[in-house]
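Taking it in order: structure first as structure tokens, then the write-up.
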Amino acid sequence: MHPVQKAASLGMGLLSGALATMLFRRMWKLAAGEDDSPDAEDLDRDLTEVLVAAAVQGALFGLIKAGVHRASAKTFRRRAIRSGARA
């Protein structure tokens, strides 16, 4: 992997994580009517609620991360093809 591609991938990973966190907080607020999602160490919350929140957050993060990294890889491949280098 080219150093520029590594740096871009790192930046996109951070950006996708921030985007996923922001979207999850909004979704949780709409769904549960609460500002904060349940934390695994919060014993006042029901186990089901904690597990559902974790599953939704993980799925959303994985979806956004995969989409961002896929778009980044396709962009670098197109650029490499245009410049005559092998991807």
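- A salt bridge (Lys or Arg N to Asp or Glu O under 4.0 Å) check over residues 10-21, counting only residues at least two apart or in different chains, returns nothing.
- Cluster partners of L23, by chain and number: M12, L15, L19, M22, F24, M27, W28, V52, V56, L60, I64, V68. The rule joins Ile, Leu, Val, Met, Phe, Trp and Tyr whenever side-chain heavy atoms lie under 4.5 Å apart.
- Taking the side chain to side chain donor-acceptor pair (under 3.5 Å) definition, one finds that E34 meets it with R45, sequence neighbours left out.
- Atom CG of D44 is separated from atom CG of D39 by 11.5 Å, given to the nearest 0.5 angstrom.
- Considering CZ of R25 and CG of D35, their distance stands at 10.0 Å, rounded to 0.5 Å.
- Few gaps surround CG on D42; more than 12 heavy atoms of other groups in view lie less than 6.0 Å from it.
- With a 4.5 Å cut-off on side-chain heavy atoms, S9 and H69 count as touching.
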